[in-house]
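Encoded as structure tokens, the structure appears first; notes follow it.
Predicted model, so just to flag it, every value in this text is computed and none were measured.
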Amino acid sequence: MATYEIEFGALGDIRPVPPLTVRSTDLNVLSRTVVEHARPHITPVLTEMGRPELAGCMFRVTGDRT
């Protein structure tokens, strides 16, 4: 089992998504959990910025998953 401590970057001048801890060895579970956690927080901010369609985009990580 791997434990991932995830911090989300800034969106505009704020960090609307709280940190998340995910315990899994399945990268699909990790990806889905991150999206399900973040989307409700970023959708209102993106809507206010006039770009609600971006809430459906995937998240990017570095090659070492940071």
Checklist outcome for this item: Shortest non-hydrogen pair, Tyr4 vs Ser24, comes out as CE1-O, 3.6 Å
Item to check | Interatomic spacing from CD1 in Ile6 to CG in Leu20 - rounded to 0.5 Å | outcome: 5.0 Å
Next on the checklist: Would you say that Leu54 contacts Met49 through its side chain, given a criterion of any heavy-atom pair below 4.5 Å between the two side chains?
Outcome noted: no
Item to check | Contact summary for Ile42 and Pro16, nearest pair of heavy atoms | outcome: CG2-CG, 4.4 Å
Next on the checklist: If hydrophobic clusters are built from ILVMFWY residues whose side chains come within less than 4.5 Å, do Val29 and Val35 share one?
Outcome noted: no
Item to check | Residues that His41 engages under side-chain contact (heavy atoms from CB on, under 4.5 Å), provided they are two or more places apart | outcome: Val17, Pro18, His37
Checklist entry - Who pairs with Arg23 by side-chain contact (heavy atoms from CB on, under 4.5 Å), at least two apart in sequence or on another chain? => result Met1, Thr3, Thr21
Checklist outcome for this item: Residue set satisfying salt bridge (Lys or Arg N to Asp or Glu O under 4.0 Å) with Arg51, at least two apart, ordered chain then number -> Glu53
Item to check | Interatomic spacing from CZ in Arg32 to CG in Leu27 - rounded to 0.5 Å | outcome: 10.5 Å
Checklist entry - Who pairs with Asp13 by side-chain contact (heavy atoms from CB on, under 4.5 Å), at least two apart in sequence or on another chain? => result none
